[in-house]
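Structure first, commentary second.
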Amino acid sequence: IVLGEDWKRLAITSHGDSFAKKFVWQTGEKDEFISLLKTKYLMSPSWRVRFARFDDSISVDERAEEYFVYVGQDENIVSYNHRLPEARPDSILTETEARIIAHGLLRDRFQRNPEEFQEVLAEETKKPERKDWRFEFSDTLKYSLEKGEARLNVVIRGNSVAHFSKGVKTSEEWNREQRDKRKVPGMISDVCGMIDSLFRITAVIIAVIVWSRRKFPVRIFILFLIILGSLKIITFFNNFPMKLAYFKTSEPFNTQLIQLFFPGMIMELIGAFGNALIAALAFKWIAGGKTENATQSEKRIIIIGFSVGAIWMGIQALITVFEPSISPIWITYGLYYSETVLPFLGSAYLFELDIKKIIITIFIFAALHNLTSGWQKRKLMIGSAFVLMFLCTNVSLSFISISYWLITGFCQGVVFLFIYFKLFKSNMAILPVFLSLGLLLGSITGIITYPHPVGIQISVISFVLILWFSIYWMKLLRRGTTQ
């Protein structure tokens, strides 16, 4: 296929059908999972290359034509789709004629005899001036699981192959079980998401009220706004190729570009503004609270923070032993470096996520410290709310086991409450160092496990940035509590 200069090539990464991977992971054996990866019925991380036209001089109907090519790690095409305009005229084939073309694809591309497959679907779709055909074949020779099927899909548009792909069709019984299992966890996720959002909104409102009374640490707010705003801007522009890959051909390119930059950038900066307010309010509550050991040396604070953090990491490691394995773990390529302008700047994205985690966690501790006056009053009510917040922040949109979520969330809340009572209430400056250890270990894991050299660079940069940020914020809190 030869395309003109008016076609744009837009590439992003794809991890395939995660639902099918989860099905095989849960119902099959490890060897069967690996076998389906090798035969491409389960897609490993690959490139999705899109070819599209956005030129306004071309009619909207013609711009509807697009090509999607999925390229695997062995540089072979694992899936292909040629979208045609609805009204484009082409041949009107009979079912037999279309089947001959589909069988030719099985022989030529997949080097398989069509008789080795079982045809399970032959469906026609009538267009204004052509007829499309869709065929599905079940591959019983390459599939050994008791449930589900390995499917090969072929679409004939007009008189040529316009689509082919492989996949695993999950069983209806398993699908119903998954829907039933997700009902209660889905409701819990929604409720926890609402509580978390209300908590953050309330924090921003309180920060604005405190600012209006001229009792707000404006310098701290500006500092965090500069840090978070800069990271947002860097990430926004660095991830531009990924955003561009989702532009629609039915809308003017420049209009989508404007919509991307102005509402998109404004919303990103509003998020940075809100998080900076929360960070500054946390600083005020900590700096204005009662602390017994605020004059501890920075070296001692770092040693204590990392030591207690290491103990907590050990507890978490023991808890994760009992975590149910419901799906395989894949490395995320796209947002970090493969879909960016400057790959190493993917560290800005990771660093921003880490900062936000530290900010919201420190704010929860700061609220506990402020509302209980250093654990002097309202202990039961505020302590219970504290544990509840960690239950909510511990929830995952994809979690299945309610019991595991309750145990891990409650354990985290109770352990954190105990550590606060024994350690943090006497010196809250330890908090950033304590919280950073898990993120630092995550960066070290990335250095060891990421298969791409740029991924290693990003992990190293993230490690340095997190270490700097935690120590810098520790110094700010220490300085604030001693003044």
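Because the structure is a prediction, the values reported are computed rather than measured.
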Has the side chain of [X] got a donor or acceptor atom that lies under 3.5 Å from a matching backbone atom of [Y]?
X      : Y      : answer
Thr361 : Ile358 : no
Ser373 : Gln376 : no
Arg48  : Val69  : no
Ser197 : Met194 : no
Glu352 : Lys232 : no
Arg378 : Leu371 : yes
Lys21  : Met43  : yes
Asn275 : Gly271 : yes

Does the side chain of [X] reach to within under 4.5 Å of the side chain of [Y], using non-hydrogen atoms?
X      : Y      : result
Trp473 : Ile359 : yes
Phe19  : Gln178 : yes
Leu350 : Ser347 : no
Leu277 : Trp211 : yes
Phe434 : Ile419 : yes
Leu437 : Trp312 : no
Trp285 : His369 : no
Phe68  : Val49  : no

Out of curiosity, [X] [atom1] to [Y] [atom2], how far, rounded to the nearest 0.5 Å?
X      : Y      : atom1 : atom2 : result
Gln457 : Leu345 : CD    : CG    : 11.0 Å
Ile382 : Leu388 : CD1   : CG    : 11.5 Å
Thr340 : Phe240 : OG1   : CZ    : 13.5 Å
Leu244 : Ile12  : CG    : CD1   : 10.5 Å
Thr372 : Asn370 : OG1   : CG    : 8.0 Å

Check your understanding: When the ring centroid of Phe410 is compared with that of Trp405, is the distance short of 6.0 Å?
Key ->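 Centroid distance Phe410-Trp405: not below 6.0 Å, so no.
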Practice item. Assess the pair Phe363 and Phe199: is the distance between their ring centroids shorter than 6.0 Å? Key: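 Yes, the ring centres sit under 6.0 Å apart.
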Cationic tip of [X] within the cone over [Y]'s six-membered ring, i.e. under 6.0 Å and within 45° of the normal?
X      : Y      : result
Lys425 : Phe421 : yes
Lys8   : Phe247 : no
Arg63  : Phe51  : no

Exercise for review: Apply ring-ring contact (aromatic ring centres under 6.0 Å, His included) to the pair Phe221 and Phe273, showing each step before the final yes or no.
Suggested key: CA-CA 9 Å; Phe221 164 75; Phe273 186 89; 5.1 Å; yes
Point to revise | Qualifying residue for salt bridge (charged side-chain N to carboxylate O under 4.0 Å, His left out) with Arg53, from Glu65, Glu66, Glu5 | key: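 The residue from Glu65, Glu66, Glu5 that satisfies salt bridge (charged side-chain N to carboxylate O under 4.0 Å, His left out) with Arg53 turns out to be Glu65.
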Practice item. For side chain to side chain contact (heavy atoms under 4.5 Å, CB included), just list the numbers for Trp468 and Phe351, CA-CA rounded to whole Å, side-chain angles, deciding distance to a tenth of an Å, and then say yes or no. Key: CA-CA 11 Å; Trp468 165 80; Phe351 185 43; 4.2 Å; yes
Exercise for review: Might you work through the side-chain hydrogen bond (donor to acceptor under 3.5 Å, both in side chains) test for Ser57 and Asp55, ending with a clear yes or no?
Suggested key: CA-CA 5 Å; Ser57 63; Asp55 192 342; 2.9 Å; yes
Review point. What is the ring orientation for Phe261 with Phe236, classed by angle as parallel under 30°, tilted 30 to 60°, or perpendicular over 60°?
Key: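 Perpendicular, since the angle between the ring planes exceeds 60°.
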Review point. Phe365 and Phe386: ring-ring contact (aromatic ring centres under 6.0 Å, His included), yes or no, with the steps?
Key: CA-CA 8 Å; Phe365 275 99; Phe386 177 85; 5.1 Å; yes
